[in-house]
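See structure below.
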Amino acid sequence: MEPIPCVNCATFFIARNRKQNYCTEAECQRARKAAWQRFKLKFDDQYRIQQRLSQKKWLQSKPGYYRSYRRRNPDKVKRNRALQAIRNRRNRQRSCSQKPTDATLIAKMDARKFSHFNMVGQFYLVPVIAKMDVSKVNIYSISNSYL
Ligand SMILES: [Zn+2]
């Protein structure tokens with residue numbers, strides 16, 4: 001089997017089978033599990049209910065956890081407020097328009113990253129025109145040898 005790039009770290013590795021998209025590094029396995037959980041939470045109602053109950057139970061055993069977390073991480077609070085404003089705006093636009101939102105349900109679980117691009121950061125393009133959706137974009141720097 002030919003080496004393929006890992007979905008998470010983009011280093012080439014030899015997959016055990018055609019379904020393996022992540023290498024065996026611990027960080028990449030964590031990313032794989034997180035992606036699996038995101039997928040499961042989105043599409044499996046029973047799993048989502050069980051997770052909510054479990055989280056509720058955990059939080060009851062640690063009262064004041066989120067209050068102290070927010071106090072310790074003011075930058076995260078600021079980021080979350082900005083992202084929530086974007087989500088609120090997106091939800092408002094969705095509830096106003098009658099267009100089907102099936103396009104947003106497509107999950108790109110097997111997307112590959114390019115190893116020779118260096119990501120500068122992840123940004124949100126917030127449109128000024130009212131009827132456009134917010135887009136998340138990755139900005140990469142490309143060295144001159146590729147141009
Ligand atoms: Zn990897």
Side-chain angles (χ1 to χ4, degrees), residues 1-94 99-128 132-147:
M1 216 178 230
E2 270 187 41
I4 59 166
C6 171
V7 171
N8 189 52
C9 69
T11 54
F12 280 79
F13 73 103
I14 296 181
R16 280 188 224 117
N17 54 50
R18 289 183 182 276
K19 285 183 178 178
Q20 187 181 1
N21 294 319
Y22 292 82
C23 73
T24 56
E25 288 297 315
E27 187 188 319
C28 298
Q29 289 300 307
R30 258 196 306 279
R32 178 185 62 78
K33 285 175 189 168
W36 175 87
Q37 191 172 37
R38 271 195 304 276
F39 180 82
K40 197 81 171 157
L41 284 171
K42 197 166 189 176
F43 295 107
D44 189 332
D45 294 336
Q46 285 303 309
Y47 183 76
R48 189 172 41 246
I49 290 165
Q50 286 302 316
Q51 284 295 301
R52 270 200 201 128
L53 283 174
S54 176
Q55 285 170 347
K56 218 175 196 174
K57 203 171 159 188
W58 179 85
L59 194 59
Q60 281 172 349
S61 71
K62 290 168 177 54
Y65 171 80
Y66 282 115
R67 186 171 296 151
S68 73
Y69 175 84
R70 283 190 294 269
R71 207 174 298 133
R72 280 181 281 128
N73 302 290
D75 53 323
K76 301 261 183 178
V77 173
K78 195 174 169 186
R79 178 181 178 273
N80 188 48
R81 284 203 180 121
L83 291 175
Q84 188 61 50
I86 291 169
R87 284 192 294 268
N88 289 345
R89 185 178 173 157
R90 190 187 297 151
N91 289 339
R92 240 179 278 131
Q93 287 173 354
R94 279 207 188 118
K99 282 185 271 177
T101 55
D102 290 350
T104 58
L105 294 175
I106 297 167
K108 289 188 176 175
M109 298 287 285
D110 58 350
R112 301 247 186 252
K113 287 180 181 174
F114 296 100
S115 59
H116 52 273
F117 295 156
N118 296 320
M119 190 155 87
V120 175
Q122 203 168 46
F123 301 88
Y124 289 91
L125 296 178
V126 182
V128 180
M132 288 177 71
D133 276 341
V134 172
S135 337
K136 185 161 64 172
V137 295
N138 297 332
I139 308 280
Y140 295 94
S141 72
I142 304 169
S143 67
N144 287 338
S145 60
Y146 294 105
L147 300 176

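We use all heavy atoms of the structure for the numbers below, so side chains are in, but hydrogens, waters and symmetry mates are not. One-based numbering, in listed order, for ligands and for the atoms of each. Here the structure is a predicted model, which means the values were calculated and not measured.
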For Gln37 versus Tyr47, what's the shortest heavy-atom pair and its separation?
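The pair with the smallest heavy-atom distance is NE2-OH, 3.0 Å.
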Take atom CZ of Arg72 as the centre, draw a 6.0 Å sphere, and report whether it contains more than 12 heavy atoms from other residues, nucleotides or ligands.
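Yes.
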Where does the angle between the aromatic ring planes of Tyr69 and Tyr65 fall among parallel (under 30°), tilted (30 to 60°) and perpendicular (over 60°)?
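Rings of Tyr69 and Tyr65: parallel, as their planes differ by under 30°.
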Give me the protein N, O or S atoms that fall under 2.8 Å of the Zn ion (ligand 1), sorted by chain and residue number.
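Per the 2.8 Å query on the Zn ion (ligand 1), atoms found are Cys6 SG, Cys9 SG, Cys23 SG, Cys28 SG.
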With Gln84, which residues qualify under side chain to side chain donor-acceptor pair (under 3.5 Å), at least two apart?
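Here the qualifying residues are Arg87, Asn88.
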Taking only residues two or more places apart in sequence or in another chain, which ones pass salt bridge (Lys or Arg N to Asp or Glu O under 4.0 Å) with Asp45?
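Only Arg48 meet the salt bridge (Lys or Arg N to Asp or Glu O under 4.0 Å) criterion with Asp45.
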For residues 21-40, pull every pair meeting salt bridge (charged side-chain N to carboxylate O under 4.0 Å, His left out), keeping only residues two or more places apart or in separate chains.
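Counting only pairs at least two positions apart or across chains, the salt bridge (charged side-chain N to carboxylate O under 4.0 Å, His left out) contacts touching residues 21-40 are Lys40-Asp44.
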